[in-house]
Amino acid sequence: MKDKFYQYIQNLQDSITSKLEAVDEKARFKEDLWERPEGGGGRTRVIENGNVFEKGGVNISAVHGKLPETMQAYFGVKDANFFACGLSLVLHTKNPMVPTVHANWRYFEMYNQNGDLVDSWFGGGQDLTPYYLFEEDAVHFHKTCKTACDKHNSNFYSDFKKKCDTYFWNAHRNEARGIGGLFFDYCKTSEAMNMENWYNFVTEVGNSFLEAYVPIVEKRKNLPYTEAQRTWQEIRRGRYVEFNLVHDKGTLFGLKTNGRIESILMSLPPHVQWVYDHHPEKDSDEEKLINVLKQPKNWV
């Protein structure tokens with residue numbers, strides 16, 4: 001399974017980066033191959049200063065070795081080894097009318113001292129973080145997510161949408177990071193789903209990403225915007241940074257497993273503002289977004 005999924009994310013990285021380059025029409029992804037001293041490595045691809053994408057990364061990695069003590073304590077195991085592979089992407093756009101997007105699809109295995117597989121699971125999801133709310137975009141993104149989920153289980157969309165709303169919640173701000181999407185983790189063998197079933201589901205979601213995001217980008221990338229709207233985008237990006245550094249499990253896992261810092265922090269936008277005690281004007285488009293972020297909404 002690990003070889004099969006790693007091959008899948010390599011191919012998915014190729015298809016996503018080639019499509020995004022076509023959308024941007026200017027910038028190209030710079031590839032960076034790296035190795036992890038403790039075992040494994042990855043292929044980082046970063047795009048910067050494009051027509052559409054100000055900064056973004058579509059990264060894959062496959063790492064293995066002894067599970068760090070902090071993670072052994074977290075999983076309640078001793079002397080365990082692990083293998084983890086996944087694709088993680090974040091795209092920050094220049095135009096504030098185009099939302100930031102994040103997605104991740106991953107697979108994890110854990111072994112005992114004898115090298116026997118003792119546990120394995122899939123995780124991942126995709127979520128949208130707009131700066132200005134176009135409800136039709138939110139509906140499109142969520143409909144695409146639901147279509148992918150419904151092919152496998154009629155409850156998956158509602159379950160994983162709720163988990164996304166719960167996970168991408170900036171508790172210290174009492175607001176969502178964005179308008180959500182899907183989030184799933186610890187997808188293990190059960191009576192209803194074996195690992196092959198989970199593989200089919202996770203790859204279905206991965207394959208839906210471009211359909212979920214690219215039409216939104218194409219629709220909004222040439223819209224006019226003001227300097228004030230750009231400032232608002234940078235203020236909201238600050239909340240994105242706060243979530244990733246304070247709450248995000250993937251970021252924390254990477255830091256605790258001696259992950260590659262440049263790849264881990266690739267998710268951070270290049271231009272951000274923190275304005276003291278900032279509040280949008282009453283009844284403004286900016287306030288409209290904040291009101292939605294205070295209470296997760298059902299889009300489909």
Side-chain angles (χ1 to χ4, degrees), residues 52-56 89-103 125-146 157-158 160-183 212-248 251 267-300:
V52 177
F53 301 110
E54 187 170 33
K55 182 187 175 189
L89 69 85
V90 177
L91 298 165
H92 294 292
T93 55
K94 188 173 291 184
N95 191 323
M97 301 301 158
V98 183
T100 284
V101 72
H102 160 260
Q126 52 201 37
D127 61 281
L128 202 65
T129 304
Y131 304 99
Y132 287 90
L133 184 65
F134 295 92
E135 296 202 1
E136 65 192 89
D137 295 351
V139 170
H140 167 79
F141 190 84
H142 278 268
K143 271 189 174 179
T144 307
C145 291
K146 186 175 187 299
Y157 171 73
S158 60
F160 298 149
K161 192 264 185 191
K162 288 176 186 173
K163 287 183 178 179
C164 188
D165 290 336
T166 300
Y167 181 79
F168 291 105
W169 183 258
N170 251 334
H172 65 284
R173 296 285 191 179
N174 198 34
E175 66 183 23
R177 186 177 79 172
I179 59 156
L182 302 173
F183 179 82
Y213 185 57
V214 170
I216 297 172
V217 179
E218 296 283 18
K219 190 182 293 187
R220 308 298 173 195
K221 67 180 184 180
N222 293 319
L223 291 179
Y225 60 90
T226 66
E227 195 60 38
Q229 289 170 327
R230 173 72 179 177
T231 296
W232 170 249
Q233 179 192 39
E234 292 180 358
I235 291 171
R236 291 306 308 170
R237 282 175 171 180
R239 304 296 173 92
Y240 200 94
V241 171
E242 289 174 24
F243 178 85
N244 280 24
L245 296 183
V246 175
H247 302 296
D248 185 63
T251 302
S267 65
L268 304 184
H271 301 287
V272 191
Q273 291 191 43
W274 281 273
V275 177
Y276 180 77
D277 199 27
H278 182 272
H279 298 280
E281 290 186 18
K282 185 172 175 58
D283 298 324
S284 64
D285 288 337
E286 292 80 6
E287 187 184 61
K288 177 185 175 184
L289 174 71
I290 293 297
N291 289 339
V292 168
L293 299 181
K294 293 291 184 185
Q295 182 66 47
K297 183 174 179 177
N298 292 323
W299 297 101
V300 294

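Heavy atoms only: backbone and side chains are in, while hydrogens, waters and symmetry mates are out.
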Note, Pro130 side chain near Glu135 side chain (heavy atom, < 4.5 Å): no
Taking all heavy atoms of Pro99 and all of Leu128, pick out the closest pair and write down the distance. CG-CD1, 3.7 Å
Treating His102 as the side-chain partner and Ser267 as the backbone partner, does any N or O pair qualify as donor plus acceptor under 3.5 Å? no
Any side-chain heavy-atom pair of Tyr132 and Arg220 under 4.5 Å: no
Write down the atom of Gln229, the atom of Pro224, and the distance for their closest heavy-atom approach. OE1-O, 4.3 Å
Heavy-atom side-chain contact between Arg239 and Thr129 under 4.5 Å: no
What I want to check is whether the side chains of Thr144 and Tyr213 have a donor and an acceptor closer together than 3.5 Å. no
Any idea how His278 and Trp232 line up, ring-wise: parallel (<30°), tilted (30 to 60°), or perpendicular (>60°)? tilted
Here the gap from Lys55 atom NZ to His92 atom NE2, rounded to the nearest 0.5 Å, amounts to 7.0 Å
Quick check: are there more than 12 heavy atoms from other residues, nucleotides or ligands sitting under 6.0 Å from NZ of Lys143? no
Would you say the side chain of Trp274 lies within less than 4.5 Å of the side chain of Ile235, judging by non-hydrogen atoms? no
Set of residues satisfying ring-ring contact (aromatic ring centres under 6.0 Å, His included) with respect to Phe160, sequence neighbours excluded: Phe156, Phe184, Phe201
Of all the heavy-atom pairs spanning Cys164 and Asp127, show the shortest one and how long it is. SG-CB, 3.9 Å
When you measure from the side chain of Gln233 to the backbone of Thr93, do you find a donor-acceptor pair of N or O atoms at a distance under 3.5 Å? yes
Heavy atoms of His142 and Gly181 approach each other most closely as CE1-N, 3.5 Å
Under 3.5 Å: donor-acceptor pair, side chain of Arg230, backbone of Tyr225: no
With heavy-atom distances below 4.5 Å as the criterion, would you say the side chains of Leu91 and Val98 are in contact? no
Is the side chain of Asp248 donor-acceptor paired with the backbone N or O of Thr251 at a distance under 3.5 Å, no angle test? yes
Less than 4.5 Å apart, side chain to side chain, heavy atoms only: is that true for Asn222 and Asn95? no
Whether Phe168 and Phe243 hold their rings parallel, tilted or perpendicular, with breakpoints at 30° and 60°: tilted
Whether over 12 other heavy atoms sit under 6.0 Å from Lys294 NZ: yes
Return each pair, listed once, that meets salt bridge (Lys or Arg N to Asp or Glu O under 4.0 Å) where at least one residue sits in residues 274-290; pairs must be two or more places apart or across chains. none
Residues two or more places apart in sequence or in another chain: which of them pass side-chain hydrogen bond (donor to acceptor under 3.5 Å, both in side chains) with His172? Glu242, His247
Is the backbone of Gly180 close enough, under 3.5 Å, to the side chain of Lys161 for a donor and an acceptor to pair up by distance? no
